[in-house]
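A short worksheet on the structure shown next.
FYI, side chains are in, hydrogens and waters are out, and symmetry mates aren't considered; it's all heavy atoms of this structure. If you're wondering where the values come from, they're calculated on a predicted model, not measured in any experiment.
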Amino acid sequence: MAFDSKTLGLALSGGGYRATLFGLGSLWRLNEAGLLGKLDRITGVSGGSILLGVLAHRWRELQFEDGRALNFASVIAEPIRTFCGKSIDVGVTVLGALTPFKTAGDYLAERYAKDLFGDTRLKDLPEAADGNPKFTFYATNLQTGRSFRFRQDLIADYRLGVSTATDKITLAFAVAASSAFPPMFSPIILKTDPTAWRDGENLPHLNALREVIVLADGGVYDNMGLESLFRHTDVVLVSDAGAPFAIEEEPARDNIRQMGRIRDILIDQTRSLRKRWLISEFEAGRQRGAYWGIGTQIEDYGPLSRMTADSDTSQALEQIPTRLKRFEDDQQGHLINWGYALCDIALRARAGFSIPMATEWPIREWPL
């Protein structure tokens, strides 16, 4: 579907519940601007995939009018806020450690199924046609070192190729793979029929790599989920709630914690490079779109009117830990409202949409 004859893509970044709620605020503003129902592609990584999973699972329930879902709050926002009011990370990690034949990733998928998605399969999601977007959930393939995509009509890895045999893959599994942050929740193992794949590279042991696929959090490879949007959509919108890289004055010197620190540095460098490349594409006019991050200074958007100003409260939001741990009402409200306000100004100041400024907070009890 097009908006002003342009195809639209949205990326929802990783970052635990922090990203889920910040992304919810972004979706809320896009919906009120009449853009939600006109998106062609939506990608999700980790915490963003939780939000995308709820959106995809309940898409048929949304009552659209001119691109705006009239029942967005009840169908999408309320289930997300309820889920983010529960702590699940410690529980599933402990169960995975204590159970010999099941991993924390297995328990994570079970929790998503119990609380959000039931036994819904990827194949059960709305087809990417007749105004429905392509929903893409990103994980990382630990074998090929590339992103691994789950979509309603296929699974794919640029090195392994593409398979449309997704009948047995549940939505809960795809979201769990996307949010399986190492080492707590990963790896998650996907077994497929190697003969159902096509294309791909001429790799040694290709069928074995296709048969047993070892997956981890999508943010290991790309925390913003950009690859399927660029060159495939005219306008790219990015809601990024990734955590800022923390300086450690005295980094650990033991082998295990030192390797964890090195992992964090490598992931942060990859994310920073992608972000700089994205902004340069926008600034050079090679790609139309907008980026808004949880650490963005709202004053940097220039002279356009905005809903709020930068404050100690807004700046503190990016310091919230990347966890799947219960968020209190004030944290939820501030995160949702901050994503909403930044999306509002980014759509007008960067993406060039002629929409009026939003004037009311989606969560009125917690204004910024």
Legend entry - Lys123 atom NZ, neighbour heavy-atom count above 12 within 6.0 Å: yes
Legend entry - Arg159 side-chain N/O to Gly145 backbone N/O, donor-acceptor pair under 3.5 Å: no
Inset, instruction - May I ask you to test the Val90-Lys325 pair for a side-chain heavy-atom distance under 4.5 Å? - result: no
Legend entry - Heavy-atom pair with the smallest gap, counting every atom of Ala176 and Gly105: CB-O, 4.3 Å
Legend entry - Presence of salt bridge, Glu283 and Arg276, under 4.0 angstrom: no
Legend entry - Electrostatic pair Arg29:Asp344 at N-O distance under 4.0 angstrom: yes
Legend entry - Reference residue His334; test ring pair (Phe, Tyr, Trp, His ring centres under 6.0 Å); the match among Phe327, Tyr340, Trp366: Trp366
Inset, instruction - Please work out whether the ring planes of Phe150 and Phe173 are parallel, tilted or perpendicular, with thresholds of 30° and 60°. - result: perpendicular
Legend entry - Salt-bridge present (Arg231, Glu281; N to O < 4.0 Å): yes
Inset, instruction - Side-chain contact test, heavy atoms from C-beta onward, threshold under 4.5 Å: evaluate it for Asn337 versus Pro362 and give yes or no. - result: yes
Inset, instruction - Look at Asp153 together with Arg151 and state whether they make a salt bridge at an N to O cut-off of under 4.0 Å. - result: yes
Inset, instruction - Test Trp28 against every option in Phe72, Phe22, Trp338, Trp361 by the ring pair (Phe, Tyr, Trp, His ring centres under 6.0 Å) rule and name the one that passes. - result: Phe72
Legend entry - Asp240 side chain vs Met224 backbone, donor-acceptor pair below 3.5 Å: no
Inset, instruction - Please confirm whether the backbone N or O of Tyr138 pairs with a side-chain atom of Ser178, one donor and one acceptor, at under 3.5 Å? - result: yes
